[in-house]
Each structure stands twice: as C-alpha cells, then as structure tokens.
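For reference, the structure discussed in these notes is given below.
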Amino acid sequence: MDEYINANCNVIFNELNFRITDAEIYAAIAKLKNGKASGFDGILNEMIKAGKHALVPALNKIFNFILLSGTFPDKWRINILIPVHKDRKSTRL
C-alpha cells in the first residue's frame, strides 16, 4: 500500500493542493441540514444559508488562509457536548 501511495502521490493528493473555490463553499452550504443545533458561536445552518451570498467571499478568504498557513482559530476547537439520556421505559424490550 505504501508503495502505491508513494508512486501515485501526485495524482492521489493533487486535489488537496488547490485553493478552495466559491463553488465548493456554495455546494457545502447547500448540504447543510436545517433544524440542527448551533455551535459555540450560536450560528445556525439556516443563518448561513440565508446569508450565503454575503458570507461566501469572506469564508473563501478565511478557508484559503487556513489552508495556506496551516493554522486555524483556537475557538474552532471548542465544542459543546450535551448527553441526552434515554427514558428507562424506552430501553425495555
């Protein structure tokens, strides 16, 4: 497997070397599901969808800066995890 990857590295990973395009960001936004909880920033998917025309140019700059520099904001490492416990009655067979 390693030999295959080394021999075909330029072909396999070539698409990772290109800048992120507006079209890719629009496609990713289109795949966002409505009704999902927001992240730490409080931004809902519906907000991103509604403001996509204003957001895409800024997102493009941010994402490509991250891609080129190899660093991203520390706040993006924060998540909120809330366990949802099942009702004991629903666990019975």
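Excluded from the calculations below are hydrogen atoms, water molecules and symmetry mates; all remaining heavy atoms, backbone and side chain alike, are included. On a predicted model such as this, the values are computed, not experimentally measured, just so you know.
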* To do: For residues 25-36, pull every pair meeting side-chain hydrogen bond (donor to acceptor under 3.5 Å, both in side chains), keeping only residues two or more places apart or in separate chains.
  => Tyr26-His53, Asn34-Lys49
* Structure fact -> Heavy atoms of Asn60 and Thr21 approach each other most closely as ND2-C, 3.7 Å
* To do: State, yes or no, whether a side-chain contact exists between Ile29 and Val56 at a heavy-atom distance under 4.5 Å.
  => yes
* Asked: Does the ring of Phe40 carry Arg77 above it, NZ/CZ under 6.0 angstrom from centre and within 45° of its axis?
  -> no
* Would Leu59 and Met47 show up in the same hydrophobic cluster when neighbours are defined by side-chain heavy atoms closer than 4.5 Å? -> yes
* To do: Could you tell me the separation between the CD1 atom of Ile25 and the CD1 atom of Ile20, rounded to the nearest 0.5 Å?
  => 6.5 Å
* Structure fact -> To the nearest 0.5 Å, atom CG of Leu67 lies from atom CD1 of Ile62 at 13.5 Å
* **Arg19 versus Glu24, closest heavy-atom pair with distance** => O-OE1, 3.9 Å
* Asked: What is the distance from atom OG1 of Thr71 to atom CH2 of Trp76, rounded to the nearest 0.5 Å?
  -> 10.0 Å
* If we only count heavy atoms from C-beta on, is the Ser38 to Ile43 side-chain gap below 4.5 Å? -> no
